[in-house]
Every structure is written in structure tokens, then in C-alpha cells.
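Data first, discussion second: the structure below is written as C-alpha cells.
Keep in mind it's a predicted model, so treat the numbers as computed, not measured. The analysis underlying the following values was restricted to heavy atoms, covering all of them including side chains, and did not include hydrogens, waters or symmetry mates.
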Amino acid sequence: MTITPDDKDWTWVIERRCSECGFDATATDARDVAAMLRDATRDWVTVLTTRADVRDRPSPDVWSPLEYGCHVRDVYRVYDGRLGRMLSEDGPHYENWDQDKTALESDYAAQDPSTVAHEIANDGLVLAGRFESVKGEQWDRTGFRSDGAAFTIDTFARYFIHDIVHHLVDVGARSGP
């Protein structure tokens, strides 16, 4: 399962525990997301730099750890841009992000794992710093997806970290429920 900012029914991610990965956004404080992101980023770097099976798909329709890593890197970048806009603009509306199109156009499977690990490390630190910069009433600032769904920075942060943790479970780097 891939959960992205453009899913049609996204609210369940922040309203209850995920049955697939065990993440519970209701028990997560958005102010902890930066630290959680740093931990997850370290796990992603380990996956990409130590796994002998980093390019192997477990089945034809399931991404390899490398492909998931590329997706995570791109999620970091999309979220950083969106969070930056939420902090600097009133009620920004985001363009649609087609993650499948990005995966194909970027040829995730052909990318270099060490390069992706380096990019994840850098992009993760940048995004963690941006989440740490959020203070007080800024957590209530809103942004809107292309389908009109509204997020606050609080719900946006918890939704985001679920995706990153979920994919660590997908690649076996963390255990699920």
C-alpha cells in the first residue's frame, strides 16, 4: 500500500491505527515528527546501503527496497515544498503529484542505491528541520490538495510520517503489527 498526499480517502490515516504497519497517528504528536523522521531516515540509509537484495522485487507487482527508497526520497521533496508553502502562504493549493508517473519517468529501479541513500539523508534532514521550525499556532495553518481536501500542518505531519514508517515495514526494515 502506498499512501501519498493525493489519496482520495486520506482521513483514516490520522484517525486510527494502520492495520498493515501498526502506526497509530492518534497516538502521535506532530511535534515529534521531526525526531521520528530522523530515525526513519537513518533506517532508510541502512536499507539502501547494506541490503544485498536492494534491487530485488519480492514479486513483480511489489517495489524493491531501492524503488521504495526512491519514492520516499521524492515524498520528502514533495512534502518539503508543500510544508514550505503552508508556512509562507495562506491556504496554498497543491498541484497533483502522480507518484506512479514519477516512478516510471525517473526509472526508480535503475537508480544508484548509494546516491539515493545520500539524497534521502540530506532531504530528510532538511525536512526534519522544517518540521522543527513549526511553532504554536502554525500547526493549525492549512493547505489544500488538488481535490480540495484540507490539511493542517498537524494532520499533514502525522499523515506524512505514517507513509515513511509504513514503507519501512513494506521493505522489512521494521516490523508491523
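Every residue two or more places apart in sequence or in another chain that forms a side-chain contact (heavy atoms from CB on, under 4.5 Å) with Asp29 is listed here: Arg31, Asp32. Annotation: ring pair (Phe, Tyr, Trp, His ring centres under 6.0 Å) contacts of His118 (sequence neighbours excluded): none. Among residues two or more places apart in sequence or in another chain, the salt bridge (charged side-chain N to carboxylate O under 4.0 Å, His left out) test is passed with Glu137 by none.
Note that CG of Asp98 is 6.0 Å distant from CG of Asp100, once rounded to the nearest 0.5 Å. Interatomic distance, CZ of Arg130 versus CZ of Arg82, reported as 14.0 Å (0.5 Å rounding). Atom OG of Ser175 sits about 11.0 Å away from atom CG of Leu168, to the nearest 0.5 Å. For the atom pair CZ (Phe131) and CG (Leu87), the distance works out to 9.0 Å, reported to the nearest 0.5 Å. Note that CH2 of Trp63 is 5.0 Å distant from NE2 of His71, once rounded to the nearest 0.5 Å. Atom CG of Asp24 sits about 11.5 Å away from atom CD1 of Ile14, to the nearest 0.5 Å.
No salt bridge links Glu20 with Arg174; every basic N to acidic carboxylate O contact stays at or beyond 4.0 Å. Classification of Glu89 and Arg141 as a salt-bridged pair fails, no side-chain N sitting under 4.0 Å from a carboxylate O. Arg77 and Asp80 are not joined by a salt bridge, as no carboxylate oxygen comes within less than 4.0 angstrom of a charged side-chain nitrogen.
In this structure a side-chain-to-backbone donor-acceptor pair under 3.5 Å is present from Arg55 to Ala109.
What you find for Gly124 and Thr41 is that their closest heavy atoms are CA-OG1, 3.8 Å. A pairwise comparison of heavy atoms in Tyr94 and Arg85 identifies CA-NH1, 4.1 Å as the closest pair. Val33 and Ala157 get closest at one heavy-atom pair: CG2-O, 3.7 Å. Considering all non-hydrogen atoms of both residues, Tyr76 and Ala40 come closest at OH-C, 4.4 Å. Across all their heavy atoms, Ala34 and Ala128 have their closest contact at CB-O, 3.4 Å. Between Ala173 and Val47, the shortest heavy-atom contact is CB-CG2, 3.5 Å.
Of the options Tyr79, Trp139, Phe144, a ring pair (Phe, Tyr, Trp, His ring centres under 6.0 Å) to Phe156 is made by Tyr79 and by none of the others.
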*Starting from the C-alpha separation in whole Å, work towards a yes-or-no answer on ring-ring contact (aromatic ring centres under 6.0 Å, His included) for Tyr159 and Phe151.*
CA-CA 9 Å; Tyr159 183 89; Phe151 281 85; 5.3 Å; yes

_From CA spacing to verdict: salt bridge (Lys or Arg N to Asp or Glu O under 4.0 Å), Arg38, Glu132_ = CA-CA 11 Å; Arg38 284 190 175 90; Glu132 283 177 335; 2.7 Å; yes

*Let me see the working for Ile153 and Thr142 under side chain to side chain contact (heavy atoms under 4.5 Å, CB included), right down to the final yes or no.*
CA-CA 6 Å; Ile153 293 178; Thr142 58; over 6 Å; no

*Verdict with supporting geometry, His167 and Asp170, side-chain hydrogen bond (donor to acceptor under 3.5 Å, both in side chains)*: CA-CA 5 Å; His167 292 320; Asp170 286 336; 2.8 Å; yes

*Yes or no on side chain to side chain contact (heavy atoms under 4.5 Å, CB included) for Ser64 and Asp56, after CA distance, side-chain angles and deciding distance?*
CA-CA 5 Å; Ser64 69; Asp56 299 341; 5.6 Å; no

*Quick one: do Met86 and Thr152 satisfy side chain to side chain contact (heavy atoms under 4.5 Å, CB included)? Show the steps, please.*
CA-CA 8 Å; Met86 289 173 81; Thr152 63; 5.6 Å; no

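Linking Ile, Leu, Val, Met, Phe, Trp and Tyr whenever their side-chain heavy atoms come within less than 4.5 Å puts Leu48 and Val62 in one cluster. Hydrophobic cluster membership differs between Met36 and Val169, with clusters built from Ile, Leu, Val, Met, Phe, Trp and Tyr side chains linked at under 4.5 angstrom. Follow the hydrophobic side-chain contacts under 4.5 Å out from Leu125 and you never reach Ile164; the two are in separate clusters.
For the pair Ser133/Gln138, no side-chain contact is recorded, criterion being any heavy-atom separation below 4.5 Å from C-beta on. For the pair Asp39/Arg42, a side-chain contact is recorded, criterion being any heavy-atom separation below 4.5 Å from C-beta on. The closest side-chain heavy-atom distance from His162 to Cys21 is below 4.5 Å. By the 4.5 Å heavy-atom criterion applied to side chains, Arg57 and Glu67 are counted as neighbours. For the pair Val126 and Asn122, the minimum side-chain heavy-atom distance is 4.5 Å or more. The closest side-chain heavy-atom distance from Phe23 to Thr28 is below 4.5 Å. Within the 4.5 Å cutoff, the side chain of His93 has no heavy atoms near those of the Ser146 side chain.
One side chain, Trp97 or Thr102, offers a donor N or O that lies under 3.5 Å from an acceptor on the other. Arg73 and Gln111 form a side-chain donor-acceptor contact under 3.5 Å, judged by distance and modelled atom types alone. Under the 3.5 Å distance criterion, with hydrogens and angles disregarded, a donor-acceptor pair is assigned to the side chains of Asp61 and Ser59.
Checked against a 6.0 Å centroid threshold, the rings of Tyr108 and Tyr68 do not count as neighbours.
Counting heavy-atom neighbours within 6.0 Å of Asp140 CG, excluding the residue itself, gives a total above 12.
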